[in-house]
Participant: 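A single structure is presented below for examination.
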Amino acid sequence: MSKPAPSAAASPAAAQVSWDDRRRYPRRTKPFQAVYWPTAEARFPAVGLDIGGGGLCLLTQQPIPAELHEVQVVALIDEHPVPITGAVKWNDTIKYKEQDCFRYGLKLIKIADNDWENMMNALSLAMGIGSPASGTILTAKQRDMLVPKRVQDQISDALIKRERLDRPQADILPLTEYKFDGYTMRKGVPYYRLTVRSKRRNLSGRHLEEFRTSILVLIEGNGVIIAD
């Protein structure tokens, strides 16, 4: 739900998907149809300017009442209606075809788990070169962007406790490789899905045993779930 330049509404961006480092979400920038309900009785059409894992930008012909802090929206994403509740974070007024239009940045506060997963994994598949797509091995830069160092340490500690990774030595990095498997949402909480490949020396110390562990990493906040 990044705030676009004033010309963005008049001329939609050429790229359909972009990567926002601040949110660590892919973001659809192709306009889409939407409907919003400022009240239970009122229903108005709108245009979505962008949408991502954390929010969306909505263009309306009528202003949303200032006292309304949450808005019910149905976004039409790839012909699929997605019900969303959004909190208004910012707004402004722009000219479009010589008429005043109103832009709103909405933070996602409610969306069905399956709808969020489907939207995010579709966006992930459409990402360009250099951005993580589902099923790819993360570069060190991508890994560090998605998974903070303190969370990587949590993952290493969990693998060590499960005897899937040797305890690191001062001059040796942990033998791990991160694969990005997409996005999932559980009870409204968004996660990255990762597979971490790790190695551990067997009891003889002569051979390395290899393990692959499915891990969920909180996107907003710190914490991991070992899924197997």
Side-chain angles (χ1 to χ4, degrees), residues 1-6 8-9 12-13 15-40 42-78 80-94 101-124 126-127 131 145-148 151 182-193 216-223:
M1 64 170 187
S2 60
K3 191 171 182 178
Q16 294 187 12
V17 180
S18 64
W19 183 261
D20 190 329
D21 290 341
R22 294 170 298 173
R23 290 186 207 66
R24 295 181 290 178
Y25 287 119
R27 179 167 54 90
R28 174 192 173 115
T29 58
K30 180 182 178 180
F32 54 91
Q33 294 179 340
V35 175
Y36 71 100
W37 285 261
T39 67
R43 172 179 174 176
F44 297 103
V47 175
L49 298 179
D50 66 49
I51 189 168
L56 68 155
C57 182
L58 203 64
L59 185 70
T60 70
Q61 294 180 329
Q62 296 83 19
I64 295 174
E67 66 274 13
L68 192 65
H69 301 298
E70 295 182 5
V71 184
Q72 306 298 318
V73 178
V74 173
L76 191 64
I77 306 297
D78 297 327
H80 178 66
V82 179
I84 293 167
T85 301
V88 178
K89 305 304 291 185
W90 60 263
N91 66 280
D92 64 7
T93 303
I94 64 170
C101 291
F102 308 91
R103 280 188 306 187
Y104 293 90
L106 306 180
K107 177 181 174 61
L108 291 184
I109 58 176
K110 186 177 181 181
I111 183 173
D113 289 356
N114 286 343
D115 283 338
W116 189 88
E117 288 180 10
N118 291 337
M119 177 181 71
M120 295 305 298
N121 288 313
L123 290 178
S124 177
M127 292 302 295
S131 299
M145 182 180 73
L146 296 182
V147 187
V151 178
Y183 299 84
T184 189
M185 180 175 274
R186 296 191 175 184
K187 297 181 179 180
V189 179
Y191 296 88
Y192 297 123
R193 291 190 299 113
L216 305 182
V217 176
L218 275 171
I219 296 177
E220 300 178 10
N222 299 321

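Keep in mind that what you see is a predicted model, and the values were worked out from it rather than measured.
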Participant: Using 30° and 60° as the class limits, which term best fits the ring planes of Tyr192 and Tyr183: parallel, tilted or perpendicular?
Facilitator: tilted
Participant: Which residues pass the side chain to side chain donor-acceptor pair (under 3.5 Å) test with His69, sequence neighbours left out?
Facilitator: none
Participant: Only one of Val88, Ile51, Asn91, Leu106 clears side-chain contact (heavy atoms from CB on, under 4.5 Å) with Leu58; which?
Facilitator: Leu106
Participant: I need the single residue from Val82, Asn118, Asp115 that forms a side-chain contact (heavy atoms from CB on, under 4.5 Å) with Ile77. Which is it?
Facilitator: Val82
Participant: Between Thr60 and Tyr36, is any pair of side-chain heavy atoms under 4.5 Å apart?
Facilitator: yes
Participant: Which atom pair, heavy atoms only, marks the closest approach of Pro31 to Val47?
Facilitator: CB-CG1, 4.1 Å
Participant: Is there side-chain contact between Phe32 and Leu76, with at least one heavy-atom pair below 4.5 Å?
Facilitator: no
Participant: Could you tell me which non-hydrogen atom of Leu59 sits nearest to which non-hydrogen atom of Cys101, and how far apart they are?
Facilitator: CD1-CB, 3.8 Å
Participant: Could you tell me if the side chain of Phe44 sits less than 4.5 Å from the side chain of Gln61, heavy atoms only?
Facilitator: no
Participant: Ignoring hydrogens, what is the shortest heavy-atom contact between Arg186 and Tyr191? Give both atom names and the distance.
Facilitator: CB-CE1, 4.1 Å
Participant: Gly52 and Met120: which non-hydrogen atoms are nearest, and at how many Å?
Facilitator: C-SD, 4.1 Å
Participant: Quick check on Gln62: does its CD atom have over 12 non-hydrogen neighbours (other residues, nucleotides or ligands) under 6.0 Å away?
Facilitator: yes
Participant: Say whether, by atom type as modelled, one donor and one acceptor occur between the side chain of Tyr104 and the main chain of Ile64 under 3.5 angstrom.
Facilitator: yes
Participant: List the steps and the verdict of side chain to side chain contact (heavy atoms under 4.5 Å, CB included) for Arg28 and Asp78.
Facilitator: CA-CA 11 Å; Arg28 174 192 173 115; Asp78 297 327; 3.3 Å; yes
Participant: Roughly how far apart are Ile219 CD1 and Leu146 CG, rounded to 0.5 Å?
Facilitator: 8.5 Å
Participant: Gln72: what forms a side chain to side chain donor-acceptor pair (under 3.5 Å) with it, not counting sequence neighbours?
Facilitator: Thr85
Participant: What's the separation between atom CD1 in Ile111 and atom CE in Met185, rounded to the nearest 0.5 Å?
Facilitator: 6.5 Å
Participant: Between Ala75 and Ile84, what is the shortest heavy-atom contact and its length?
Facilitator: CB-CD1, 4.3 Å
Participant: Applying salt bridge (charged side-chain N to carboxylate O under 4.0 Å, His left out), can you list everything that pairs with Asp113, at least two apart in sequence or on another chain?
Facilitator: none
Participant: Find the distance between OG1 (Thr93) and CZ (Arg103) and round it off to the nearest 0.5 Å.
Facilitator: 9.0 Å
Participant: Might you point out which heavy atoms bring Trp116 and Gly53 nearest each other, and give the distance in Å?
Facilitator: NE1-O, 3.0 Å
